[in-house]
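Structure record follows, encoded as structure tokens.
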2 protein chains.
Amino acid sequence: MAEDYPVQLKLEHQLCFALYACSREMTKLYRPFLDELGLTYTQYVTLLVLWEQDNVSVKQLGEHLLLDSGTLTPLLKKLEAMRLVARVRDPKDERSVLVQLTEEGRALRSRAEHIPESVFCQVGLTFEEGGKLRERLQQLVEEMQKR
Amino acid sequence: MAEDYPVQLKLEHQLCFALYACSREMTKLYRPFLDELGLTYTQYVTLLVLWEQDNVSVKQLGEHLLLDSGTLTPLLKKLEAMRLVARVRDPKDERSVLVQLTEEGRALRSRAEHIPESVFCQVGLTFEEGGKLRERLQQLVEEMQKR
DNA sequence: CTCATATTAATTGCATGCAATTTAATTGTG
DNA sequence: CACAATTAAATTGCATGCAATTAATATGAG
């Protein structure tokens, strides 16, 4: 490698790449657990939102997950085909589609409850460390969304 | 929302989601700069590796980027079609494909050099803070890869 | 040397992400 | 009220990611 290679372009110095790599590796750790539930990672986080608050619009889901209808519509149709959610037009605003958990979708929650802790243990993070890192990342997301 | 909702499943408490969201938002900040160069984010990080070390195999690229040939092969074919790289079989091991920058690919580097700093400024991170966060994420990636 | 094993890319199939466009419904203004 | 502007999903098109399989080449144990 040339000695005069500009330091600011080195892959090792890129925060963006550290985030990108870390996110993908984390998702890989979830995969075996999610496979047991027959869920993809994105389907899983969508259910996390719904387990917290049922009967939310696609728009609201997108605001929580930072995803748009281009990603959510096909994903929700799959969850619907799996009988985990129902999609119904909001009678009060026919533009909106409300996503509602089915009994089966609600029931799946108990089988998912152990997953975050299982993954957390695997990476050897203390609750303290993980929380700090998460808060730092959440700050950064907020900062970036202002732009 | 039910008061007894299990705290460990709240989206806000998930490190995995903070990483996932932060990585995607960061990539969005890069997009306008990369659009100017006609590159996607993944093409960009691939070039970061090549600018540091030219003439590397697909396998080596994958080790740096944590990507497999399923992702890299089509991406490299696109970079080849854009005349930024060449793909040649390694004469010493015909199983390997070596990726080499073209003159044009090498030249693109000078137009990319300002990008990391431009993005960094936008997010309002000090060099110090960004570096610490990056190192923490790199540690975490290493930890996860052991599993 | 030889053939089973391992390694490297390429291919295939599926599920995202996201920009851009389209369609349908609602809202605000004169 | 009429209608332009806005909003919410859906659709389309393209580029990943990644598991699984395949094809070609290299390696190593006997």
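Here the structure is a predicted model, which is why all the values come from computation and not from measurement. To find a chain, count down the sequence lines: A is the first, B the second, and so on, and within it residues start at 1.
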- Message: Looking at every heavy atom in both Val49(B) and Leu11(A), which two are closest together, and how far apart are they?
- Response: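 In this case the closest contact between Val49(B) and Leu11(A) is CG2-CD2, 3.8 Å.
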- Message: If you compare all heavy atoms of Met82(A) against all heavy atoms of Gly38(A), which two are closest, and at what distance to 0.1 Å?
- Response: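 Nearest heavy atoms, Met82(A) then Gly38(A): CE-O, 3.3 Å.
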- Message: Let me spell it out: for each of Gln43(A) and Asp68(A), pick the nucleotide of DNA chain C with the closest heavy atom. Which residue's pick is nearer the 5' end?
- Response: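 Nearer the 5' end of the strand: Gln43(A).
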Distance test, side-chain N/O of [X] to OP1/OP2 of [N], below 4.0 Å:
{"X": "Lys77(A)", "N": "dA10(D)", "result": "no"}
{"X": "Lys59(B)", "N": "dT25(D)", "result": "no"}
{"X": "Thr40(A)", "N": "dT16(C)", "result": "yes"}
{"X": "Tyr20(B)", "N": "dG17(C)", "result": "yes"}
{"X": "Tyr41(A)", "N": "dG17(D)", "result": "no"}
{"X": "Thr73(B)", "N": "dT11(C)", "result": "no"}

- Message: Taking any heavy-atom pair under 4.0 Å as a contact, classify Leu66(B): base, sugar-phosphate, or nothing.
- Response: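 If one applies the 4.0 Å heavy-atom cut-off, Leu66(B) turns out to touch the sugar-phosphate alone, with no base involved.
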- Query: Near DNA chain C, under 4.0 Å by heavy atom, which residues of residues 80-98 of chain B?
  - Reply: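 Output list: Arg87(B), Arg89(B), Arg95(B), Ser96(B), Val97(B).
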How many Å lie between [atom1] on [X] and [atom2] on [N], as a whole number?
{"X": "Leu34(B)", "N": "dC18(C)", "atom1": "CG", "atom2": "P", "answer": "14 Å"}
{"X": "Leu76(B)", "N": "dT8(C)", "atom1": "CG", "atom2": "P", "answer": "16 Å"}
{"X": "Leu75(B)", "N": "dC18(D)", "atom1": "CG", "atom2": "C1'", "answer": "14 Å"}
{"X": "Leu67(B)", "N": "dA19(D)", "atom1": "CG", "atom2": "C1'", "answer": "14 Å"}
{"X": "Leu72(B)", "N": "dG17(D)", "atom1": "CG", "atom2": "P", "answer": "10 Å"}
{"X": "Leu65(B)", "N": "dC18(D)", "atom1": "CG", "atom2": "C1'", "answer": "15 Å"}
{"X": "Arg31(A)", "N": "dT16(C)", "atom1": "CZ", "atom2": "C1'", "answer": "11 Å"}
{"X": "Asp35(B)", "N": "dA15(D)", "atom1": "CG", "atom2": "C1'", "answer": "13 Å"}

- How do Lys78(B) and Glu25(A) order along DNA chain D: which one's closest nucleotide is nearer the 5' end?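 Its nearest nucleotide lies further toward 5', so the answer is Lys78(B).
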- Message: Both Thr27(A) and Thr71(A) contact DNA chain D. Which one's nearest nucleotide lies toward the 5' end?
- Response: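 Looking at DNA chain D, the more 5' nearest nucleotide goes with Thr71(A).
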Taking 4.0 angstrom as the limit, do [X] and [Y] come out as a salt bridge?
{"X": "Glu142(A)", "Y": "Lys146(A)", "answer": "no"}
{"X": "Asp54(A)", "Y": "Arg106(A)", "answer": "yes"}
{"X": "Glu94(B)", "Y": "Arg89(B)", "answer": "no"}

- Tell me, please, which residues at least two apart from His13(A) pass side-chain hydrogen bond (donor to acceptor under 3.5 Å, both in side chains).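 If we apply the side-chain hydrogen bond (donor to acceptor under 3.5 Å, both in side chains) test to His13(A), skipping adjacent residues, there are no hits.
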- Lys132(B) NZ to Leu137(B) CG distance, which is reported to the nearest 0.5 Å: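 Lys132(B) atom NZ to Leu137(B) atom CG measures 14.0 Å (nearest 0.5 Å).
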- Test: Arg24(A) cationic atom under 6.0 Å from Tyr20(A) six-membered ring centre, within 45° of axis: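 Output yes; distance and angle both within limits.
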- Query: When only distance counts, do a donor and an acceptor, one from the side chain of Ser69(A) and one from the base of dA10(D), lie under 3.5 Å apart?
  - Reply: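 Check passes, donor-acceptor contact within cut-off.
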